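When reading the values below, keep in mind they use all heavy atoms of this one structure, side chains included, and skip hydrogens, waters and symmetry mates. The shown structure was predicted, so the numbers you read here are calculated from the model rather than taken from an experiment. Throughout, residue positions are numbered sequentially from 1 according to the sequence presented.
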Amino acid sequence: VTLLWAAVTATAAAEDMPVDLGNLSLEELMEVEVVYGASKYEQKTSQAPSSVSIISSEEIARYGWRTLADLLQSTRGFYATDDRNYTYLGARGFSRPGDYNSRVLLLVDGHRMNENVYDSGYYGTEAPLDLDVIDRVEIIRGPSSSIYGTSAFFAVINIVTCRAKNAPGLRLAGTAASYDSYHGVARFGTAPGSRWDVVASLSRADSRGQDLYFREFDDPATNNGIAQGLDRDQATRFFVSASRGPFTLQTAHVERDKEIPTAAFGTIFNDPRTHTTDLRSYVDLRFEQPVLGSGSILSRVYFDRYWYTGSYEYDYPPLTEFQDYADGQWWGNETQLALPAPGGQRIVLGSEFRRNFRQ
């Protein structure tokens, strides 16, 4: 018994020793990194049936990315475009205008974030989470519709949020930039060893934006083609994740208001009343427990809400304001059982149900 205890202790100590990643080969690094989104269970990236990239929180801090779109643009095969209202993600040279980001699936800890009206995922300032609460971003290239259904055509982006052990205590941070741009975030994590693992974050971003020149409107009657003070972007985000044992309760909310300086859809040029407001929120209760060694059982129930409204000013005459809106509400359940099988294989059984009761 003593010899067995010593062997186990030595093994545990060896596993706890920090690893110098700079001295590892590419193959060894792939063995270290773990991905969830490729198969809906954790596996080494070298075993995942996809081309996978993982962006860590350390890289986010090092490169100073401000949005999820900035992060994704830095990875192989992705690019983003911006029409001064929303950000659109392209993959491997494909980004059909009017697709509303409906061909890339966005997940937060496995929770589907594409809403149920336009099937859109959001990656710019309208994105659901502040980068400060992200532990890593899993980028799974290629179609995964056999696992996730719709939207998972070009790629799956799974955001893994940080746990309290990686973000203990209170953190206050703020930045200021050109064009009267300000961003502030307050994040709190419970101390290591607490009965509850809680991470909470509140952030606010505000930017006046640029004064933009449009040659098509270069006329004294339209302010010589200058859209002045009409690129404002305001976003407020709230996130809480509380875990105890196998249970995790998570909620997030984002509300973003954006003025449109481009006279989109034939609206009046240089009119501050044309703007859009987007709201996205969800509540997710998850149960996750290891079974039979390397197997696991997962079950979640969730409620989601999406709201969009657009105010568009036209001069017919008379001056007319058109209201455009979308309202989506849905709830669902997902249950999955993963069991080890002979030969290093794995059997996954599961079901998923979603009810769109407002669409």
Side-chain angles (χ1 to χ4, degrees), residues 1-19 21 23-56 105 107-112 135-161 163 165 197 243-248 250 284-302 332-354:
V1 174
T2 304
L3 291 175
L4 176 62
W5 178 86
V8 171
T9 303
T11 302
E15 291 177 348
D16 290 339
M17 290 179 63
V19 178
L21 300 180
N23 294 328
L24 298 181
S25 66
L26 178 60
E27 290 75 15
E28 290 171 326
L29 284 172
M30 293 178 69
E31 291 293 319
V32 171
E33 291 186 324
V34 174
V35 61
Y36 173 86
S39 304
K40 281 197 173 184
Y41 60 83
E42 287 194 347
Q43 60 187 154
K44 296 174 182 178
T45 55
S46 59
Q47 298 174 343
S50 305
S51 172
V52 178
S53 294
I54 296 179
I55 306 297
S56 67
L105 178 61
L107 307 172
V108 174
D109 291 326
H111 179 99
R112 181 187 181 94
D135 178 65
R136 69 180 189 272
V137 178
E138 302 173 348
I139 303 166
I140 300 101
R141 297 175 178 82
S144 300
S145 298
S146 60
I147 298 176
Y148 291 102
T150 57
S151 304
F153 187 75
F154 287 151
V156 174
I157 311 297
N158 183 38
I159 298 174
V160 180
T161 59
R163 304 295 296 268
K165 64 180 181 180
D197 185 305
S243 302
R244 183 174 179 182
F247 292 95
T248 299
Q250 190 174 100
D284 182 301
L285 177 62
R286 182 173 78 247
F287 172 86
E288 190 169 11
Q289 181 74 35
V291 294
L292 300 178
S294 61
S296 64
I297 183 171
L298 179 146
S299 183
R300 66 178 357 127
V301 60
Y302 56 84
N333 168 260
E334 177 186 355
T335 301
Q336 175 183 296
L337 174 64
L339 299 173
Q345 303 300 310
R346 184 175 294 245
I347 299 174
V348 179
L349 307 172
S351 65
E352 186 171 356
F353 170 82
R354 185 171 69 175

Check side-chain contact (heavy atoms from CB on, under 4.5 Å) between [X] and all other residues, then give those that pass, not counting sequence neighbours.
X	result
Pro290	none
Thr248	Ser241, Ser243, Arg286
Ile347	Ala341, Leu349
Phe247	Phe287

Report yes if the side chains of [X] and [Y] come closer than 4.5 Å at any heavy-atom pair, otherwise no.
X	Y	value
Gln336	Val348	yes
Val137	Asn158	no
Leu107	Val156	yes
Val160	Val108	no
Ser294	Arg346	yes

So, taking the atom named [atom1] in [X] and the one named [atom2] in [Y], what distance separates them when rounded to the nearest 0.5 Å?
X	Y	atom1	atom2	value
Gln289	Ile297	CD	CD1	9.0 Å
Ile140	Ile157	CD1	CD1	7.0 Å
Tyr302	Gln250	OH	CD	14.0 Å
Asp284	Arg300	CG	CZ	4.5 Å

Query raised in the report: For Gly110 and Glu334, which heavy atoms make the closest approach, and how far apart are they?
Result: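 Taking Gly110 first and Glu334 second, the nearest heavy atoms are O-OE1, 4.5 Å.
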Report task. Could you list the residues that satisfy side-chain hydrogen bond (donor to acceptor under 3.5 Å, both in side chains) with Asp135, not counting sequence neighbours? Result ->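 Checked Asp135 against side-chain hydrogen bond (donor to acceptor under 3.5 Å, both in side chains); zero matches.
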Query - All side-chain hydrogen bond (donor to acceptor under 3.5 Å, both in side chains) counterparts of Thr335, not counting sequence neighbours - result: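 Applying side-chain hydrogen bond (donor to acceptor under 3.5 Å, both in side chains) to Thr335 gives Ser299, Asn333.
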**Report entry** Audit row: Leu298, Leu337, side-chain contact (heavy atoms from CB on, under 4.5 Å) steps and yes/no
**Finding:** CA-CA 6 Å; Leu298 179 146; Leu337 174 64; over 6 Å; no
Report task. Please report the C-alpha distance between Ile139 and Ile54 in whole Å, then the side-chain angles of each, then the deciding distance to 0.1 Å, and finally whether the side-chain contact (heavy atoms from CB on, under 4.5 Å) criterion is met. Result -> CA-CA 6 Å; Ile139 303 166; Ile54 296 179; over 6 Å; no
Query - Test item: Asp109 side-chain N/O and Thr161 main-chain N/O as donor-acceptor pair under 3.5 Å - result: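 Between the backbone of Thr161 and the side chain of Asp109 there is a qualifying donor-acceptor contact (under 3.5 Å).
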**Report entry** Glu352/Arg354 ion pair, N-O < 4.0 Å
**Finding:**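 Looking at Glu352 and Arg354, the cut-off is not met.
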